[in-house]
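Naming convention: chains lettered A, B, ... in sequence-line order (proteins, then strands); numbering from 1 in each chain.
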Amino acid sequence: MERIAVIDFETTGISPSSSCRATEIAVVILEQGRIVERYQSLMNAGVRVPGFIEQLTGISNAMLRSAPPAEQVMNEVNEFVGTTPLLAHNAAFDQKFWDFELGRIKRTRLQNFACSLLLARRLMPAAPNHKLGTLTSFAGLPHTGQAHRAMADAEMAANLVAHLAGELRHKHGLRELSHDFLCKLQKVPAAKIPEHLKRQRGF
DNA sequence: TGCCAGGCCCTCTTTAGGGCCTT
């Protein structure tokens, strides 16, 4: 599988705004199914972390006071990712924050996002639910650290997509697993997936 | 003052509603 940048944000809420910002980002580079590079940083965007978010993530206002400014972190991580295609679990969420935080440093996204949530709904229909932690356990993948911290979640999503790619290769006989292929696969209606994969066999 | 996401996906659907998933 081609090189993919798997990203995960921790934030102060669900939708980016002047008061809802990113607090942490992690990116892992997946190459041939293995994590080969990592970037992780807390980021201080000058907003308060609500109590329930601190409970959820363990990221406190005190931790962010000594963190580098959001602009500095976004410049670094944007440089780190470059034009590598992106993937996240529930990518609609991370894409909103990626675009918002990049916009604040006058940059625009150059690549598409693939989504491990949409892929897992199609390729792991028997899972009890499609939360990242549940899918990790269901697939027998290692738990990578504290859930709801950016690096642990990015690594879990990377392990999950590597697992899904392995299944596509071994169970369905697919060879060329490009990011573009994953982006297309995640839009195929779930009911048509078996027939779709049969048609793709050998490609 | 009070409110505050949104795309996907299923079904008791399509002139709609509600759960899932991310923090």
Legend entry - Interatomic distance, A/W98 CH2 vs B/dG6 C1' [rounded to whole Å]: 21 Å
Inset, instruction - Round to the nearest Å and state the distance from A/H130 atom NE2 to B/dC10 atom P. - result: 10 Å
Inset, instruction - Would you mind reading off the distance between A/L135 atom CG and B/dT22 atom C1', rounded to a whole angstrom? - result: 13 Å
Inset, instruction - Report the distance from atom CG of A/D94 to atom C1' of B/dA5, rounded to the nearest whole Å. - result: 14 Å
Inset, instruction - Write down the distance between CD1 (A/I14) and C1' (B/dT22), rounded to a whole number of angstrom. - result: 5 Å
Protein N or O to nucleotides 7-9 of chain B N or O, pairs below 3.5 Å:
from: B/dC9; atom 1: OP1; to: A/R122; atom 2: NH1; distance (Å): 2.5
from: B/dC9; atom 1: OP1; to: A/R122; atom 2: NH2; distance (Å): 2.4
from: B/dC9; atom 1: OP2; to: A/R122; atom 2: NH2; distance (Å): 3.2

Legend entry - salt bridge (charged side-chain N to carboxylate O under 4.0 Å, His left out) evaluation trace for A/R149 with A/E155: CA-CA 10 Å; A/R149 285 302 298 266; A/E155 287 185 349; over 6 Å; no
Inset, instruction - Output every pair passing ring pair (Phe, Tyr, Trp, His ring centres under 6.0 Å) with a member in residues 19-57 of chain A, not counting sequence neighbours, ordered by first then second residue. - result: A/Y39-A/F80
Legend entry - B/dG6 to B/dG2 separation - P atoms, rounded to the nearest Å: 23 Å
Legend entry - Pairwise P distance, B/dG7 and B/dC3 [rounded to whole Å]: 23 Å
Inset, instruction - For B/dA5 and B/dT23, measure between their C1' atoms and round to the nearest Å. - result: 11 Å
Inset, instruction - Give the minimum heavy-atom separation between A/L135 and A/H130, together with the two atoms involved. - result: CD1-O, 3.5 Å
Inset, instruction - Tell me which of A/H148 and A/S15 sits closer to the 5' end of DNA chain B, going by the nucleotide each one is nearest to. - result: A/S15
Inset, instruction - Indicate the atoms forming the closest heavy-atom contact of A/I14 with A/F97, along with that distance. - result: O-CE1, 3.9 Å
Inset, instruction - Indicate, with a heavy-atom threshold strictly under 4.0 Å, whether A/F9 touches base, sugar-phosphate, or nothing. - result: sugar-phosphate
Inset, instruction - Between B/dC4 and B/dG19, how far apart are the P atoms? Round to whole Å, please. - result: 16 Å
Legend entry - For the student: nearest non-hydrogen atoms of A/L177 and A/L168, plus distance: CD2-CD1, 3.8 Å
Inset, instruction - For A/S17, answer base if it contacts any base atom (sugar-phosphate contacts may also be present), sugar-phosphate if it contacts only those atoms, and nothing otherwise; contact means non-hydrogen atoms under 4.0 Å. - result: nothing
Inset, instruction - Measure the distance from CZ on A/F113 to P on B/dG6 and round it to the nearest whole Å. - result: 17 Å
Legend entry - C1' atoms of B/dC12 and B/dG18, separation to the nearest Å: 12 Å
Inset, instruction - Kindly indicate whether the side chain of A/M156, heavy atoms from C-beta on, has any atom under 4.5 Å from the side chain of A/L141. - result: no
Legend entry - Whole-Å gap separating C1' (B/dT23) and CD (A/Q95): 16 Å
Legend entry - B/dC10 to B/dT14 separation - C1' atoms, rounded to the nearest Å: 13 Å
Inset, instruction - Using a strict cut-off of less than 4.0 Å between a Lys/Arg side-chain nitrogen and an Asp/Glu carboxylate oxygen, indicate whether A/R3 and A/E37 qualify as a salt bridge. - result: yes
Inset, instruction - Name the nucleic acid region contacted by A/N129, choosing base, sugar-phosphate or nothing; use a 4.0 angstrom heavy-atom cut-off, strictly under. - result: sugar-phosphate
Legend entry - Euclidean distance, atom NZ of residue A/K96 to atom P of B/dC21 [Å, nearest integer]: 16 Å
Inset, instruction - For side-chain hydrogen bond (donor to acceptor under 3.5 Å, both in side chains), just list the numbers for A/H143 and A/S137, CA-CA rounded to whole Å, side-chain angles, deciding distance to a tenth of an Å, and then say yes or no. - result: CA-CA 8 Å; A/H143 283 267; A/S137 300; 2.9 Å; yes
